[in-house]
Enquirer: 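Just dropping this structure here.
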Amino acid sequence: MIKRPTQHVFQKAGLGVLLFVLLSLGLGLIPTRHPDDYVAEKAAVEMDEALKSQIQEVKEGLEGDAQAEANALELSLKEAEGLVERMQAYKELLGFWSLRNPAIGALFAKERALDTDSLPHFVEAGQRFISVIAVMDEQDQAWAAEEAMGMFDAALAMDSRNAEARRGKASALVQGGQQPMQGIQLLRELLDENPEDVETVLELAHFSVLSSQFSKAQERYRQALMLDSTRTEAYFHLGETWIKLGKKDSAQVYYQRYRETLPEGEARARFDVYLADVLSIAEKH
């Protein structure tokens with residue numbers, strides 16, 4: 001089975017959503033004399049062509065200047081000579097697509113990782129795929145999670161103890177919905193090895209929220225703040241958990257603490273609008 005892009009791939013909500021469906025390859029049409037890896041190679045070629053077609057479709061939907069820039073950046077990558085020029089071309093491509101379509105940015109990050117065979121590049125590509133899961137439909141989340149795991153597995157093949165790759169793979173397992181408990185176990189192993197790993201603590205807190213274990217999430221967020229008082233996003237998440245528990249007054253305490261960490265001006269103004277909406281909804285329940 002392979003996943004092939006639909007006609008609307010990358011276009012949902014302007015956030016780089018990839019829409020994929022499962023499609024049977026039609027194995028009965030393939031002569032048995034082909035080598036064992038023929039099916040996998042054919043699937044990879046079909047997928048590559050489908051992705052190129054969909055990316056081209058997205059580019060054609062851009063405004064004139066942006067479309068010209070996208071084409072110019074891809075041409076620069078194609079014509080780049082040597083590693084230094086290619087890295088600069090990838091950097092500019094990733095910057096362009098990160099603002100317009102993060103999923104396409106993730107695909108170019110994957111291309112760069114495969115090109116350089118670099119552990120940090122594999123980790124970054126995996127993280128980019130993780131970042132678009134939240135804006136995808138359920139069936140598409142599995143696709144992004146599989147892409148992420150592929151990148152993290154490549155990194156772990158180079159360094160099996162790499163904490164970022166292990167944490168990223170755990171996140172892919174949980175958010176992709178395939179093996180959430182295995183992902184949680186990976187995070188617990190990381191925390192056992194390094195109890196002061198604030199990133200892992202925060203990941204466990206987030207996943208506790210996903211499973212509606214709000215008290216456990218609050219415990220983890222407080223733990224994160226004890227380990228690193230600069231991780232003030234934990235105040236925001238504590239406010240969110242109290243709202244989910246129906247405790248508006250407690251939520252406001254933590255929301256206010258978070259607000260105080262924001263720079264005065266536009267950042268606080270935007271948060272005030274968000275908070276007013278949240279509290280208004282809470283009043284109705």
Side-chain angles (χ1 to χ4, degrees), residues 15 98 102-103 105-106 109-110 113 119-136 138 140-245 251 254-255 257-258 261:
L15 292 173
S98 293
K110 174 184 176 180
L119 188 153
H121 288 163
F122 278 119
V123 170
E124 181 181 340
Q127 290 171 338
R128 284 177 178 268
F129 281 112
I130 290 290
S131 71
V132 299
I133 290 178
V135 297
M136 290 182 167
E138 184 176 350
D140 309 318
Q141 291 175 350
W143 172 82
E146 287 173 8
E147 289 283 359
M149 280 190 285
M151 297 293 97
F152 293 126
D153 281 338
L156 290 169
M158 299 176 182
D159 177 7
S160 63
R161 307 305 298 169
N162 184 274
E164 282 187 279
R166 292 165 69 191
R167 194 184 301 114
K169 182 174 181 177
S171 182
L173 287 166
V174 174
Q175 295 193 58
Q178 293 127 315
Q179 297 174 293
M181 293 312 301
Q182 182 180 339
I184 296 297
Q185 182 58 36
L186 286 174
L187 291 174
R188 287 174 176 164
E189 290 172 3
L190 272 169
L191 202 58
D192 286 342
E193 295 170 17
N194 181 7
E196 296 187 357
D197 182 358
V198 68
E199 297 295 343
T200 299
V201 171
L202 286 169
E203 283 289 279
L204 284 167
H206 297 334
F207 296 149
S208 293
V209 171
L210 289 178
S211 58
S212 298
Q213 300 179 68
F214 301 121
S215 294
K216 174 60 71 174
Q218 290 174 344
E219 179 184 330
R220 294 293 191 188
Y221 288 128
R222 293 192 186 99
Q223 182 184 0
L225 284 165
M226 289 178 63
L227 292 170
D228 184 353
S229 61
T230 69
R231 300 306 297 264
T232 55
E233 70 269 29
Y235 288 128
F236 171 79
H237 293 300
L238 281 164
E240 295 284 275
T241 56
W242 280 117
I243 280 290
K244 292 180 184 298
L245 288 169
Y254 288 101
Y255 281 138
R257 290 182 187 176
Y258 175 70
T261 69

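In this chain, residues are counted from 1 in sequence order. The basis for the numbers below is simple: all heavy atoms, side chains too, and nothing from hydrogens, waters or symmetry mates.
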Enquirer: Take Phe207 and Gln175, measure what side-chain contact (heavy atoms from CB on, under 4.5 Å) needs, and give me the verdict at the end.
Expert: CA-CA 9 Å; Phe207 296 149; Gln175 295 193 58; 4.0 Å; yes
Enquirer: Is the shortest heavy-atom distance from the side chain of Leu202 to the side chain of Glu233 under 4.5 Å?
Expert: yes
Enquirer: Would you say that Leu245 contacts Gln218 through its side chain, given a criterion of any heavy-atom pair below 4.5 Å between the two side chains?
Expert: yes
Enquirer: In plain terms, say whether Arg167 and Glu199 are close enough for a salt bridge, that is, a side-chain N and a carboxylate O under 4.0 Å apart.
Expert: no
Enquirer: Are Val132 and Glu147 packed together at the side-chain level, in the sense that at least one heavy-atom pair is separated by less than 4.5 angstrom?
Expert: no
Enquirer: Is it true that Arg128 and Glu124 have a side-chain N and a carboxylate O under 4.0 angstrom from each other?
Expert: yes
Enquirer: Is any side-chain heavy atom of Thr200 closer than 4.5 Å to a side-chain heavy atom of Asn194?
Expert: no
Enquirer: Counting only heavy atoms not in Met226 (residues, nucleotides, ligands), do more than 12 fall under 6.0 Å from its CE?
Expert: no
Enquirer: From Leu191 CG over to Glu196 CD, what is the distance, rounded to the nearest 0.5 angstrom?
Expert: 10.0 Å
Enquirer: Does the side chain of Leu173 come within less than 4.5 Å of Gln179's, by heavy atoms?
Expert: yes
Enquirer: Can you tell me how far the CG atom of Leu238 sits from the CZ atom of Phe214, to the nearest 0.5 Å?
Expert: 12.5 Å
Enquirer: Looking at His206 versus Tyr221, is the centre-to-centre ring distance below 6.0 Å?
Expert: yes
Enquirer: Given side-chain contact (heavy atoms from CB on, under 4.5 Å), test Met151 with His121 step by step and report yes or no.
Expert: CA-CA 9 Å; Met151 297 293 97; His121 288 163; over 6 Å; no
Enquirer: In sequence, state the C-alpha distance, the side-chain angles, and the governing distance for Leu156 and Lys169, and then conclude on side-chain contact (heavy atoms from CB on, under 4.5 Å).
Expert: CA-CA 9 Å; Leu156 290 169; Lys169 182 174 181 177; 4.1 Å; yes
Enquirer: Find out whether Leu225 and Tyr235 are in side-chain contact, i.e. whether some heavy atom of one side chain is under 4.5 Å from a heavy atom of the other.
Expert: yes
Enquirer: At their closest point, which heavy atom of Ala148 faces which heavy atom of Ala172, and how far apart are they?
Expert: CB-CB, 4.1 Å
Enquirer: So do Phe152 and Gln127 actually touch side chain to side chain, heavy atoms under 4.5 Å?
Expert: yes
Enquirer: Give the intermediate values and the outcome of side-chain contact (heavy atoms from CB on, under 4.5 Å) for residues Gln223 and Leu227.
Expert: CA-CA 6 Å; Gln223 182 184 0; Leu227 292 170; 4.2 Å; yes
Enquirer: Taking all atoms of both residues into account, what is the closest heavy-atom pair of Val201 and Arg220, and its distance?
Expert: CG1-O, 3.2 Å
Enquirer: Could you tell me if the side chain of Ile184 sits less than 4.5 Å from the side chain of Arg188, heavy atoms only?
Expert: yes
Enquirer: Testing Tyr258, Tyr254, Tyr255 for side-chain hydrogen bond (donor to acceptor under 3.5 Å, both in side chains) with Glu240, which one passes?
Expert: Tyr255
Enquirer: So that I can tick it off, tell me whether Lys216 and Glu219 are bridged by a salt bridge, with the cut-off set at under 4.0 angstrom between side-chain N and carboxylate O.
Expert: yes
Enquirer: Taking all atoms of both residues into account, what is the closest heavy-atom pair of Phe129 and Ala144, and its distance?
Expert: CB-O, 3.7 Å
Enquirer: Could you report the tightest heavy-atom contact between Gly239 and Ala251, atom names first, then the distance?
Expert: O-CB, 3.4 Å
Enquirer: Which heavy-atom pair separates Ala205 from Ala217 by the least distance, and what is that distance?
Expert: O-CB, 3.5 Å
Enquirer: More than 12 heavy atoms of other residues, nucleotides or ligands under 6.0 Å from CD of Glu189: is that the case?
Expert: yes
Enquirer: Please report the shortest heavy-atom distance between Ile130 and Gly168, naming the atom on each side.
Expert: CD1-O, 4.0 Å
Enquirer: How many angstroms lie between atom CG of Leu186 and atom CD of Glu203, to the nearest 0.5 angstrom?
Expert: 12.0 Å
